S.K.: 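Pasting a structure below so you can have a look.
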Amino acid sequence: MTPRALKRGDLPVDTVTLARFLIGVTIIHELPEGIVAARIVETEAYLPDDPASHSHRGPTARNAPMFGRRGHAYVYLNYGMYWLFNISSEEPGIGAGVLIRAAEPVLGVETMMLRRPGKTGPDLLNGPGKLAAAMGIGPAQSGADLCDGGPLRLARPTRAAGEIGMSTRIGLTKAAEAELRFFERGNTWLSGPKALNR
DNA sequence: TCACTGATCGTCT
DNA sequence: GACGATCAGTGAG
């Protein structure tokens with residue numbers, strides 16, 4: 001069975017606190033082929049006034065969900081090919097969010113493999129583009145409320161989070177030195193170079 | 001395991 | 001008209 005859904009009130013308002021809170025939390029997505037669920041093991045915080053954040057230059061049609069209430073999906077196309085899944089944070093009017101970078105499968109591994117042909121194990125979900133592809137998250141989900149019982153939602157951890165590690169964020173050219181990446185230490189489903197996962 | 005490279009296109013300058 | 005919050009493939013150590 002699937003764990004109990006999270007309410008908005010369960011989510012910390014502060015972006016960094018939310019990024020840490022989300023480690024261990026379950027993402028559930030009901031797809032036409034069946035339900036998929038995964039346990040978040042790696043996140044990155046994108047703060048208000050963060051030069052690396054899409055919200056930095058103010059609201060636009062694309063990043064609007066980052067300025068809405070917390071607990072909404074912000075999905076955008078990166079490098080012309082990959083969709084990246086974020087969860088909005090902070091109070092309305094403040095642009096910030098948490099990028100979901102990696103997760104471990106809980107339900108629907110078969111469905112994930114169908115969406116990532118030829119891939120198995122960590123390769124299924126250990127990267128933001130891979131995770132969105134495996135879980136069927138795309139532009140249609142941008143702006144979706146993850147706390148209203150819809151097809152895409154958050155739920156309590158299936159297993160409590162272990163010790164949480166911290167590192168610089170991955171793939172940035174701006175504000176690359178800030179330690180705003182969070183992950184579960186020792187987890188085998190993490191993305192990024194080994195040196196960053198200690 | 002790490003470093004480098006090409007692929008590809010919506011968004012904002 | 002650039003520029004990416006990436007990935008897969010290749011080649012070297």
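Lettering of chains follows the sequences in order, A, B, ..., and the numbering in each one begins at 1. Being a predicted model, the structure only gives us computed values, none of them experimental.
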S.K.: Just to be sure I understand the rule, does A:Arg181 reach a base, reach only the sugar-phosphate, or reach nothing, if contact means heavy atoms closer than 4.0 Å?
M.R.: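 Nothing, no nucleic acid heavy atom in range.
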S.K.: Over all strands shown, is A:Arg169 touching base, sugar-phosphate only, or nothing at heavy-atom distances under 4.0 angstrom?
M.R.: nothing
S.K.: Let's go through A:Ile28 and A:Leu152 carefully: what are the C-alpha distance in whole Å and the side-chain angles of both, what is the deciding distance for side-chain contact (heavy atoms from CB on, under 4.5 Å) to 0.1 Å, and is it a yes or a no?
M.R.: CA-CA 6 Å; A:Ile28 297 173; A:Leu152 180 61; over 6 Å; no
S.K.: Hey, which of these two, A:Lys174 or A:Leu131, hits DNA chain C nearer its 5' end, going by closest nucleotide?
M.R.: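 On the 5' side of the pair lies A:Lys174.
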S.K.: Check the distance between C:dG4's P and A:Tyr46's OH and give it to me in whole angstrom.
M.R.: 13 Å
S.K.: Rounding to an integer number of Å, can you tell me how far A:Ile100 CD1 sits from C:dA5 C1'?
M.R.: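 It works out to 12 Å between those atoms.
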S.K.: Round to the nearest Å and state the distance from A:His56 atom NE2 to C:dA5 atom C1'.
M.R.: 15 Å
S.K.: Specify the residue among A:Arg116 and A:His54 whose closest nucleotide of DNA chain C lies further upstream toward the 5′ end.
M.R.: A:His54
S.K.: Is A:Arg62 near enough to B:dC9 that one of its side-chain N or O atoms lies under 4.0 angstrom from OP1 or OP2?
M.R.: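 Negative; the distance criterion is not met.
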S.K.: Quickly work out the A:Asn78 CG to B:dT8 C1' distance and round it to whole Å.
M.R.: 11 Å
S.K.: Could you work out which one of C:dA8, C:dT6, B:dT8 sits closest to the side chain of A:Lys130?
M.R.: C:dA8
S.K.: Using the side-chain heavy atoms of A:Arg57, tell me which of these nucleotides is nearest: C:dA5, B:dC12, B:dC2.
M.R.: B:dC12
S.K.: Any salt bridge between A:Arg69 and A:Glu91, counting N to O under 4.0 Å?
M.R.: no
S.K.: Using a strict threshold of under 4.0 Å (side-chain N to carboxylate O), is an ion pair present between A:Arg153 and A:Glu30?
M.R.: yes
S.K.: Rounded to whole Å, please give me the gap between CE in A:Met66 and C1' in C:dA5.
M.R.: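 Atom-to-atom, A:Met66 to C:dA5, this comes out as 10 Å.
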S.K.: Distance to the ring centre below 6.0 angstrom and angle to the axis at most 45 degrees; does that hold for A:Arg62 and A:Tyr74?
M.R.: no
S.K.: Return yes when atom CZ of A:Arg4 has more than 12 non-hydrogen atoms of other residues, nucleotides or ligands closer than 6.0 Å, and no otherwise.
M.R.: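 More than 12 within 6.0 Å, yes.
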S.K.: Output the rounded distance in Å from CE (A:Met81) to C1' (C:dG9).
M.R.: 13 Å
S.K.: C:dT6 base stacked by A:Tyr79? Criteria: ring centres under 5.5 Å, plane angle under 30°.
M.R.: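 So yes, this residue stacks on that base, both cut-offs being met.
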S.K.: Consider the side chain of A:Leu77, meaning its heavy atoms from C-beta on, and name the nucleotide among B:dC9, C:dG9, B:dT8 that approaches it most closely.
M.R.: B:dC9
S.K.: Using Watson-Crick or G-U wobble geometry with both distances below 3.5 Å, tell me the partner of B:dT8, or none.
M.R.: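 No nucleotide pairs with B:dT8.
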S.K.: Which whole-number value in Å describes the distance from A:Asn197 CG to B:dT1 C1'?
M.R.: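 Atom-to-atom, A:Asn197 to B:dT1, this comes out as 13 Å.
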S.K.: In whole Å, what is the span from the CG atom of A:Leu196 to the P atom of C:dT6?
M.R.: 12 Å
S.K.: OP1 or OP2 of C:dC3 sitting under 4.0 Å from any side-chain N/O of A:Thr173?
M.R.: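 Checking A:Thr173 against C:dC3: no side-chain N or O falls below 4.0 Å of OP1 or OP2.
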